[in-house]
There are 2 protein chains.
Amino acid sequence: MSIDVDLKEFSRGFKTKKNILAQSLALFSSKGFKATTVRDIANSVGVKQSALYNHFKNKDEILETLVEELMTSAIANIFISKDNVSDRLQGKSLLLSISTTFKLISFDIKNEALFKLLIQEIYNNERVREIYSEYFYQTNVKKLSSLLFEMMQNDIIKSNDPLILANEFFAPLFFYQMQISLFKQDKKSTSAMVSLFEKHVDFFWDNIKS
Amino acid sequence: MSIDVDLKEFSRGFKTKKNILAQSLALFSSKGFKATTVRDIANSVGVKQSALYNHFKNKDEILETLVEELMTSAIANIFISKDNVSDRLQGKSLLLSISTTFKLISFDIKNEALFKLLIQEIYNNERVREIYSEYFYQTNVKKLSSLLFEMMQNDIIKSNDPLILANEFFAPLFFYQMQISLFKQDKKSTSAMVSLFEKHVDFFWDNIKS
DNA sequence: ATATATAATGAACATTTGTTCATATAGAAT
DNA sequence: ATTCTATATGAACAAATGTTCATTATATAT
């Protein structure tokens, strides 16, 4: 067996394809999909428009590819990211870990772009809504619900509807993430937002602990 | 003095102008501004495209007019709406009143359209961001903060950072409003969402009451 | 009833936009 | 070095889009 597998990842074509996606994400997230032209994309990539069609069937397929990336993005896998969450940690530490992960994601450039894409296309694109609902919302709420339910069984927290609690926990995190992206859009300072993630956990934990 | 003031509100032109705005709001909020064509608008209004230009300088001016409507919309004036809020009521009743107003707004058709317009244009339109930040966010958060601060003075609730509390109170309301608009988009049932507004107040009040 | 101001129409326009395709070029395999 | 495949280019296209304007129709005031 020889080792010279012709890995596509190093081919010229693969590099431009990756570049097209990166530049498109940047453009779609800042101007919106409809307002971005294929000429915009080509210019950003440093290539003529016709070259794009060697890598994607059309403009829509570029969006579709990016939209599918949402599934593998950070928020969709917030419970998988890092080793800590939901394994070793318990109680408040667990919640703090989730919140901190959320905070880091909110300040991550790539993720910020995906988030803005999500928000801007969620009403126009059914697939985006599907992914948001299934992978962003439901997965995380269900997972947290069951963790909270466990804590109730172990008398670590007060008895309550776990689904309501999970919503109450995530809503501010989502809200803060949105606020951060809006502040950045206007180049406002986001330093005051940093502490909000921990303060939320403090507030939340005080309410649910037994 | 005669009474036959020529009220513009009853003129033919005023009616179509109002209609153009109504149809444009419906279209912008469902397809997005950029994806809506002047032919779309004209068709919805039941008029030829050229007629639009008797009432608005161009397509942008239609959007601008709608955007300014955001300021006089319900969320921007949540504390003014109804007689109850912040006047007679105190403590939990006050919070419940705000939350209920928010719920009613979330289910109001006109407001839902404005909300969707806001969300879709907030990253592209600086004026939208300005209005959101000033009239939606800051006004309400400051007002609630000061009300909460009063409650702290009167030992009705525990001492805490009023700004944090205001954020924690509004974030889930905003989140639920967004969820409702998304559910409606997919024609999913929103009946389960109704109770969330009250449950949020229960949860929140339990945490802050002394 | 006639004149006047207001609003709607039809047709056209210059741009912009997404896409195609024949041709040229570069990189990899032989 | 030559062949072959993958990628990039240039030019062109049809369709869509925002806007204009001369003309016609409609309502209101005289």
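Values below: every heavy atom of this structure, side chains too, minus hydrogens, waters and symmetry copies. Naming: A, B, ... by sequence-line order, numbering from 1 per chain.
Of the candidate nucleotides D:dA8, D:dA12, D:dT19, D:dT19 has the atom nearest to the side chain of B:Arg39. Taking only side-chain atoms of A:Tyr53, from C-beta outward, the nucleotide of D:dT9, C:dA7, C:dG18 with the closest atom is C:dG18. Here the nucleotide nearest the side chain of B:Gln49, chosen from D:dA12, D:dT9, D:dT19, is D:dT19. Distances were taken from every side-chain heavy atom of B:Lys59 (C-beta onward) to each of D:dA8, C:dC21, D:dT19; the shortest belongs to D:dT19. Among the nucleotides D:dG10, C:dA7, C:dA12, the one closest to the side chain of A:Lys48 is D:dG10. For B:Val38, counting side-chain heavy atoms from C-beta on, the closest listed nucleotide (D:dG10, D:dA8, D:dG18) is D:dG18. Of all nucleotides listed (C:dA8, D:dT20, D:dT19), D:dT19 comes nearest to the side chain of B:Asn58.
Distance, B:Lys57 NZ to D:dT19 P: 9 Å, rounded to whole Å. The distance between atom CD of A:Glu61 and atom P of C:dT20, rounded to the nearest whole Å, is 12 Å. Separating the CZ atom of B:Phe56 from the C1' atom of D:dG18 is a distance of 16 Å, rounded to the nearest angstrom. Rounded to whole Å, the distance from CD1 on A:Ile41 to C1' on C:dT19 is 13 Å. In this structure, the CG atom of B:Asn54 is 7 Å from the P atom of C:dA7, given to the nearest Å. Atom-to-atom, CG of B:Asp40 to C1' of D:dA16 comes out at 11 Å; the value is rounded to the nearest Å. In this structure, the CG atom of A:Asn43 is 15 Å from the P atom of D:dA8, given to the nearest Å. Across the protein-nucleic acid pair, A:Leu52 atom CG and C:dT20 atom C1' stand 13 Å apart, rounded to whole Å.
For the pair A:Leu70/A:Tyr135, no side-chain contact is recorded, criterion being any heavy-atom separation below 4.5 Å from C-beta on. At least one side-chain heavy atom of B:Phe197 sits under 4.5 Å from a side-chain heavy atom of B:Ile180.
For DNA chain C, the residues of residues 24-37 of chain A within the heavy-atom distance limit of 4.0 Å (strictly under) are A:Thr36, A:Thr37, sorted by number.
Taking 4.0 Å as the cut-off between side-chain N and carboxylate O, A:Lys57 and A:Glu64 do not count as a salt-bridged pair.
Taking both residues in full, the closest heavy atoms of B:Lys59 and B:Phe33 are given as NZ-O, 3.1 Å, listed atom of the first, atom of the second, then distance.
For the pair B:Thr16 and C:dA7, the criterion of a side-chain N or O lying under 4.0 Å from OP1 or OP2 is not met. Listed pair B:His55 / C:dA8 meets the phosphate criterion, a side-chain N or O lying under 4.0 Å from OP1 or OP2.
For B:Arg127, the side chain to side chain donor-acceptor pair (under 3.5 Å) test picks out B:Glu68, B:Glu130, with sequence neighbours left out.
Applying the 6.0 Å contact sphere to CD of B:Glu198 captures more than 12 heavy atoms from other residues, nucleotides or ligands.
Between the side chain of A:Asp40 and the backbone N or O of A:Thr37, at least one donor-acceptor pair lies under 3.5 Å.
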